[in-house]
Amino acid sequence: MQDQHQAKKGIRLDLDRCAQLLHKVWQEACADPHHVAVPELREALETLQRSRSGSIREALLGCALAGCVHPEVDLRRPYLNLGERAFSGRTLDERVVNPFLQAEDVPCTKGPYLAMFRRQAVFDTSYLNKARDKAAMRAFLQCLDELERADAARRRAILVDVARMFVRLRDESNIRLLQLPRPSASTLARLMHEMLGQRSGGRVALWGVAAAWQAMADAFGLGWDVRVQGINVADAPSGAVADVEVRTRDEELVMALEVTERCVDAERLRATFRSKIAPNGLRDYLFLHGGGEPDGKVLELLERMLVQGHAVEMHDLMDWLHACWVSIGGKGRERFVHHFCAYLADRDTPSTLKIAWNRAVERLLSG
């Protein structure tokens, strides 16, 4: 009798496994948010992404997650008292799905089982009459049909596609960047160390250097124009002579800078000299780099270039930034944050970088 009584209460989900799986598939989704693993559901997921009913989207994510971790559950019955194969969709949402979406800055409701799918809800065609967005509800039911027919591998593929929908939704939303009031040089160093640890394709280092020169110009009223070469943009068609160019109002070149998170080897130095420094007759050229000190071959090349009239310098990126932050004072450091956030706020900036910035600032503000 006790076993029968327990069976009627449905299946208790392993919430830890659900949370771990959600984290894994989210990383996959972020890596390629526009890929579609299950083409049959492309239109349905696009309909759900466009829908104003976040509850339906979030319920689908919970169902897909539950179905992958517990293939035996009845995805149509999200309340424990609805049968021996039912599950608690509300518990899964409140303990796993909703906290995760909030942590990743994904626009979401306070919970689909509070806002829409009340007690005794069953996910079948009877809900079409109750849903305001009937197109979204039909898309939701189509996804459930596919999940029910799928084997384990296909279920996981559907889950990743659903996660991709939420990644795209986040990318299309406006993530408000947190500000850092009156930062010290050491605070900015901690912040930039954390940001440089993100996968950015070189963006963080480039923007950090450009923002520092802009802040320097603001702090001392220099009126410089700081130009940044776009990531993965060819130099020759754009006419750029460096990653960052600092020019006066009269177009006189103040400084040309090459920015890289890696150490500069002799091969890269020669290539830069032949393609940028020598053809443009640049007298001053500054490499800001990470990854350790240049070797003897590089130092020998630098001496040869100096003899030829080209003062090519190399400095550690973080050391140079820290010296700049100390030199420009409090107002200058505030201007640095302003300019760096302006780069982050660009619509083409990956949302992962914006979220990483907000999390880093939150940690600094909380001590």
Side-chain angles (χ1 to χ4, degrees), residues 177 180 183 185-218 224-235 238 240-247 254-265 267-269 271-273 275-277 282 284-295 298 302 312-328 332-333 335-346 348-361 364:
L177 295 171
L180 190 63
S186 60
T187 298
L188 287 179
R190 290 169 57 195
L191 183 60
M192 287 302 294
H193 270 301
E194 191 159 342
M195 290 302 296
L196 285 168
Q198 305 296 319
R199 291 184 179 180
S200 70
R203 291 176 176 86
V204 169
L206 182 64
W207 295 341
V209 170
W213 280 94
Q214 289 170 307
M216 201 186 310
D218 292 347
W224 288 338
D225 180 19
V226 180
R227 302 173 187 175
V228 181
Q229 175 75 328
I231 297 293
N232 298 324
V233 176
D235 297 323
S238 68
V241 300
D243 291 336
V244 179
E245 297 177 21
V246 184
R247 293 183 178 271
V254 176
M255 183 61 68
L257 302 102
E258 198 81 6
V259 184
T260 176
E261 296 175 352
R262 298 185 295 273
C263 187
V264 180
D265 58 21
E267 184 179 350
R268 175 163 183 176
L269 178 56
T272 304
F273 183 78
S275 63
K276 298 180 182 180
I277 300 173
L282 302 178
D284 293 291
Y285 206 92
L286 176 59
F287 279 89
L288 294 176
H289 63 85
E293 293 301 316
D295 60 24
V298 170
L302 292 176
V312 182
E313 297 284 346
M314 289 191 180
H315 288 280
D316 179 84
L317 172 65
M318 282 302 303
D319 286 349
W320 182 87
L321 282 173
H322 196 274
C324 177
W325 293 328
V326 171
S327 302
I328 60 181
R333 290 190 289 272
R335 295 302 296 166
F336 171 84
V337 172
H338 168 81
H339 289 298
F340 190 80
C341 283
Y343 289 116
L344 277 176
D346 188 272
D348 293 330
T349 298
S351 56
T352 51
L353 291 181
K354 299 178 183 180
I355 293 168
W357 169 271
N358 283 347
R359 287 179 176 170
V361 172
L364 286 171

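Residues take their numbers from the sequence shown, with the count starting at 1. Here the structure is a predicted model, which means the values were calculated and not measured.
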Test side chain to side chain contact (heavy atoms under 4.5 Å, CB included) on Thr272 and Phe287 and set out the steps. CA-CA 10 Å; Thr272 304; Phe287 279 89; 3.7 Å; yes
For Trp325 and Met192: C-alpha separation, side-chain torsions, deciding distance, then whether side chain to side chain contact (heavy atoms under 4.5 Å, CB included) applies. CA-CA 12 Å; Trp325 293 328; Met192 287 302 294; 3.4 Å; yes
When you look at Leu317 and Leu196, which way does the side chain to side chain contact (heavy atoms under 4.5 Å, CB included) test go after all the steps? CA-CA 11 Å; Leu317 172 65; Leu196 285 168; 4.2 Å; yes
Evaluate Arg333 against Ile328 for side chain to side chain contact (heavy atoms under 4.5 Å, CB included), listing each step before the verdict. CA-CA 7 Å; Arg333 290 190 289 272; Ile328 60 181; 4.2 Å; yes
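In this structure, the separation between CG on Leu288 and SG on Cys324 is 10.0 Å, given to the nearest 0.5 Å. In this structure, the separation between CD on Gln229 and CD on Glu258 is 9.5 Å, given to the nearest 0.5 Å. The distance from the CZ atom of Arg190 to the CE atom of Met195 is 15.0 Å, given to the nearest 0.5 Å. A distance of 7.0 Å separates CD in Glu194 from CG in Leu364, rounded to the nearest 0.5 Å. The distance from the CD atom of Glu293 to the NE2 atom of His315 is 9.5 Å, given to the nearest 0.5 Å. The structure places OH of Tyr285 at 10.5 Å from CE of Met314, a figure rounded to the nearest 0.5 Å.
Residue Val226 comes nearest to Ala210 through the heavy atom pair CG1-O, 3.9 Å, listed as atom of the first residue, atom of the second, then distance. Lys276 approaches Ala242 most closely through the heavy-atom pair NZ-CA, 4.2 Å. Pairing each heavy atom of Ala211 with each of His339, the nearest pair is CB-CB, 3.8 Å.
For Asp243 (side chain) and Val259 (main-chain N/O), a donor-acceptor pair under 3.5 Å exists by modelled atom type. A donor-acceptor pair is defined here as one N or O able to donate and one able to accept, closer than 3.5 Å; such a pair exists between the side chain of Arg203 and the backbone of Ser200. Proximity of a side-chain donor or acceptor of Thr187 to a complementary backbone N or O of Pro183 within less than 3.5 Å is not detected.
The only option from Asp218, Leu180, Leu188 that meets the side chain to side chain contact (heavy atoms under 4.5 Å, CB included) definition with Phe336 turns out to be Leu188.
Partners of Asp295 by salt bridge (Lys or Arg N to Asp or Glu O under 4.0 Å), not counting sequence neighbours: none found. Evaluation of the side-chain hydrogen bond (donor to acceptor under 3.5 Å, both in side chains) rule for Thr349 yields no partner, not counting sequence neighbours. Partners of Thr352 according to the side-chain hydrogen bond (donor to acceptor under 3.5 Å, both in side chains) rule, which considers only residues two or more places apart in sequence or in another chain, do not exist here. Residues that satisfy the salt bridge (Lys or Arg N to Asp or Glu O under 4.0 Å) test with Arg227, not counting sequence neighbours, are Asp225, Glu251. Applying the side chain to side chain contact (heavy atoms under 4.5 Å, CB included) rule to Asp319 yields the partners Asp316; only residues at least two apart in sequence or on another chain are considered. Residues forming a ring-ring contact (aromatic ring centres under 6.0 Å, His included) with Trp213 (at least two apart in sequence, or on another chain): Trp224, Trp320.
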